[in-house]
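Input: a single structure, listed below in structure tokens.
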Amino acid sequence: MESNKTSYGLIEVSGVTAAIDSLDAMCKAADVSLVTWERKLGGRLVTVIVEGSVSDVKAAVEAACAACKREGLIMAANGVIPNPAEETRKMVALSASRKQQNGMTIAEWIPLDV
């Protein structure tokens, strides 16, 4: 991981559409990149994790929160983890690796037919 990619930003929203909208807002607002995402409850609850510098991650999470509010989307939780502990990095890496084990690309992670 690059030295300037030192923080994680998380947002948990209701539904895949809200997750895509939030991710779009995050990436447009700051220099962050998608690390992984998780769908729970049949896709009704989606957590998106991005990484970047502390300031970029904070700006990205704030932008996603604003987008959810503006669009009337349900945001369950959000957070910024500056300088994540090694165990936290392992947990996030495990999530990302499950998607890659099946040879899936990031574009294939997000089913548009849900």
Side-chain angles (χ1 to χ4, degrees):
M1 182 163 50
E2 296 176 23
S3 61
N4 66 339
K5 303 283 186 176
T6 58
S7 299
Y8 288 140
L10 303 92
I11 187 149
E12 195 165 63
V13 294
S14 180
V16 174
T17 301
I20 293 170
D21 193 40
S22 296
L23 177 62
D24 186 59
M26 293 170 105
C27 292
K28 287 178 179 175
D31 184 21
V32 296
S33 57
L34 175 66
V35 178
T36 190
W37 71 292
E38 291 284 336
R39 288 186 326 164
K40 300 295 179 197
L41 304 173
R44 292 186 304 270
L45 190 61
V46 182
T47 304
V48 176
I49 304 174
V50 297
E51 70 178 349
S53 69
V54 175
S55 59
D56 282 328
V57 167
K58 284 182 180 179
V61 170
E62 288 172 6
C65 292
C68 286
K69 185 175 182 179
R70 182 177 59 250
E71 300 294 327
L73 304 172
I74 298 170
M75 182 186 55
N78 67 80
V80 173
I81 304 173
N83 194 24
E86 186 59 32
E87 293 304 310
T88 304
R89 290 185 188 280
K90 287 178 186 178
M91 181 179 180
V92 171
L94 176 62
S95 172
S97 72
R98 286 187 297 219
K99 305 278 191 281
Q100 294 171 349
Q101 283 177 353
N102 296 326
M104 296 173 73
T105 65
I106 290 176
E108 294 168 326
W109 290 1
I110 303 174
L112 297 178
D113 60 344
V114 174

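Here the structure is a predicted model, which is why all the values come from computation and not from measurement.
Under the 4.5 Å side-chain criterion, counting only non-hydrogen atoms from C-beta, T88 is in contact with I81. With a 4.5 Å cut-off on side-chain heavy atoms, N83 and R89 count as touching. Contact annotation: the side chain of I49 never approaches that of W37 to less than 4.5 Å [non-hydrogen atoms, C-beta and beyond]. Between V48 and L10, the closest side-chain pair of non-hydrogen atoms is not below 4.5 Å.
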Can you list the steps and then say if S7 with E51 is a side-chain contact (heavy atoms from CB on, under 4.5 Å)? CA-CA 5 Å; S7 299; E51 70 178 349; over 6 Å; no
For V16 and R39, run side-chain contact (heavy atoms from CB on, under 4.5 Å): C-alpha distance rounded to whole Å, both residues' side-chain angles, the deciding distance at 0.1 Å, then the answer. CA-CA 8 Å; V16 174; R39 288 186 326 164; 3.8 Å; yes
Using the rule given for side-chain contact (heavy atoms from CB on, under 4.5 Å), can you reason through Y8 versus V92, listing the C-alpha separation, both sets of side-chain angles and the distance that settles it, and then say yes or no? CA-CA 9 Å; Y8 288 140; V92 171; 3.8 Å; yes
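With rounding to the nearest 0.5 angstrom, the OG atom of S14 is 8.5 Å from the CZ atom of R44. For the atom pair T47 OG1 and E38 CD, the distance stands at 7.0 Å (nearest 0.5 Å).
If you chain together hydrophobic residues whose side chains sit under 4.5 Å apart, V35 and L45 never meet in one group.
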Residues 54-75 side chain polar contacts: donor-acceptor under 3.5 Å, at least two apart:
residue	atom	partner	partner atom	Å
S55	OG	S53	OG	3.4
D56	OD2	S53	OG	3.1

With a cut-off of 3.5 Å and sequence neighbours excluded, list every side-chain donor-acceptor pair involving residues 20-28.
residue	atom	partner	partner atom	Å
S22	OG	A18	O	2.9
D24	OD2	K28	NZ	2.9

